[in-house]
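Input: a single structure, listed below in structure tokens.
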Amino acid sequence: VKDPTLVRRFIQAAQAAEVTARWARRLGEILLVVVIVGGIYAWQSRDLLPAGERLPAPAFELLDLQGRPWTLDSLMGKPAVLYFFAPWCGVCAASSPQLRWFDRWKGDEVQVVLVGLDWSSPAELADYAGRHELTLPILVAGPQTGADYRIRGYPTYYVLDADGRIAGRDFGYTTAPGLWLRTLGL
């Protein structure tokens, strides 16, 4: 081909096609990751208590680390986050600063209550609270509470409305803004 303009246009078209193919491949990879993560999330959350129907949360009678009694009725009056954790859970430990920040930010509007499960002694829960500088209430719970709330992994949390009904549920790492979004409008 003796026309340099035609050669230049052909090269530019080939380069543009290569860039387009690269972006299409990246978009496909991102979409695949989203589908896989979404599938794992749906599978892991399949057994949690339903949130859409605003059913009453299961009743409980537990003591906190100071020996004070807590019931579901004691949470009535303002929205609450019941945060189920295990003291050995690394994701729970990573979420602890977020829980503290959310409580400082929205604690007058939303009560955050931690529920300790899968512990060897209440002292282990107290040690966890000290290590993570938690001043939030920590309730000492056992296997029956975990079964009532269908806890299969840690952390799992339920957002309750002011009437003690389940308004939201989730598991895994959370942030203060994420908790705010989940409690918005309650």
Side-chain angles (χ1 to χ4, degrees), residues 26-27 29-58 60 62 64-65 70 72 74-119 125-139 141 145-146 149-186:
R26 285 185 184 146
L27 184 60
E29 291 168 353
I30 290 169
L31 184 60
L32 179 63
V33 168
V34 167
V35 168
I36 290 171
V37 169
I40 291 169
Y41 176 83
W43 183 79
Q44 287 183 326
S45 64
R46 74 192 182 288
D47 291 331
L48 293 177
L49 295 171
E53 296 110 40
R54 291 275 177 114
L55 297 173
F60 60 83
L62 301 171
D64 66 16
L65 290 176
W70 287 73
L72 181 62
S74 62
L75 299 177
M76 302 289 190
K78 70 178 180 178
V81 174
L82 285 179
Y83 184 86
F84 294 87
F85 76 99
W88 48 261
C89 168
V91 176
C92 303
S95 294
S96 291
Q98 298 296 322
L99 296 172
R100 281 195 322 265
W101 295 334
F102 180 73
D103 185 58
R104 287 184 194 139
W105 179 29
K106 291 292 180 182
D108 292 339
E109 301 166 30
V110 179
Q111 184 163 8
V112 179
V113 178
L114 281 71
V115 182
L117 294 169
D118 202 7
W119 44 270
L125 295 175
D127 181 54
Y128 177 90
R131 273 194 329 269
H132 300 290
E133 302 173 12
L134 294 170
T135 57
L136 301 162
I138 296 180
L139 309 186
T145 304
Y149 279 85
R150 299 182 186 172
I151 306 302
R152 305 282 187 267
Y154 304 105
T156 299
Y157 54 95
Y158 286 93
V159 176
L160 308 181
D161 66 16
D163 297 320
R165 296 176 307 206
I166 300 172
R169 66 200 172 82
D170 216 336
F171 65 91
Y173 182 79
T174 190
T175 63
L179 287 172
W180 174 72
L181 285 172
R182 288 174 180 88
T183 59
L184 196 61
L186 292 180

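Nearest approach of T174 to R182, heavy atoms of both residues: OG1-NH1, 3.8 Å. For R150 against P50, the heavy-atom pair with the smallest separation is NH1-CD, 4.4 Å. Here the closest non-hydrogen pair linking A93 and H132 is CB-CE1, 3.4 Å. The heavy-atom pair separating L72 from G164 by the smallest distance is CD2-O, 4.3 Å. Scanning all heavy atoms of the two residues, the minimum distance from A141 to V115 falls at CB-CG1, 3.5 Å. Listed here is the closest heavy atom pair of E133 and R100: O-CD, 2.9 Å.
Side-chain atoms of V159 and P79, non-hydrogen and from C-beta on, never get closer than 4.5 Å to each other. Here the side chains of F85 and L125 are in contact, with some heavy-atom distance below 4.5 Å. The shortest distance between side-chain heavy atoms of L32 and I36 falls below 4.5 Å.
In this structure, the separation between CG on D170 and OH on Y158 is 10.5 Å, given to the nearest 0.5 Å. Distance check: C89 SG to Y128 OH gives 7.0 Å after rounding to the nearest 0.5 Å. Note that the OG1 atom of T183 and the CD atom of E109 stand 8.0 Å from one another [nearest 0.5 Å]. For the atom pair CD1 (I138) and CH2 (W70), the distance works out to 11.0 Å, reported to the nearest 0.5 Å. Rounded to the nearest 0.5 angstrom, L99 CG and L179 CG are separated by 6.5 Å. Rounding to the nearest 0.5 Å places CG of L65 at 11.0 Å from CG of D127.
In this structure, the side chain of W180 does not engage the main chain of K106 through any donor-acceptor pair within 3.5 Å. The main-chain N or O of R165 is never found under 3.5 Å from a side-chain atom of D163 such that the two would form a donor-acceptor pair. Listed for the Y149 side chain is a donor-acceptor partner under 3.5 Å among the backbone atoms of P58.
The aromatic rings of Y157 and Y83 sit parallel, their planes meeting at an angle under 30°, below the 60° perpendicular limit.
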- Would you sort out whether F60 and L139 count as a side-chain contact (heavy atoms from CB on, under 4.5 Å), showing the intermediate values? CA-CA 10 Å; F60 60 83; L139 309 186; 3.9 Å; yes
- Message: Set out, in order, the CA-CA distance, both residues' side-chain angles and the distance that settles side-chain contact (heavy atoms from CB on, under 4.5 Å) for Y173 and Q98, then state yes or no.
- Response: CA-CA 9 Å; Y173 182 79; Q98 298 296 322; 3.5 Å; yes
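With L49 as the partner, the side chain to side chain contact (heavy atoms under 4.5 Å, CB included) test is satisfied by one option alone out of I151, L55, I166: I166.
No more than 12 heavy atoms of other residues, nucleotides or ligands lie within 6.0 Å of CG in D108, so this atom counts as exposed by the packing criterion.
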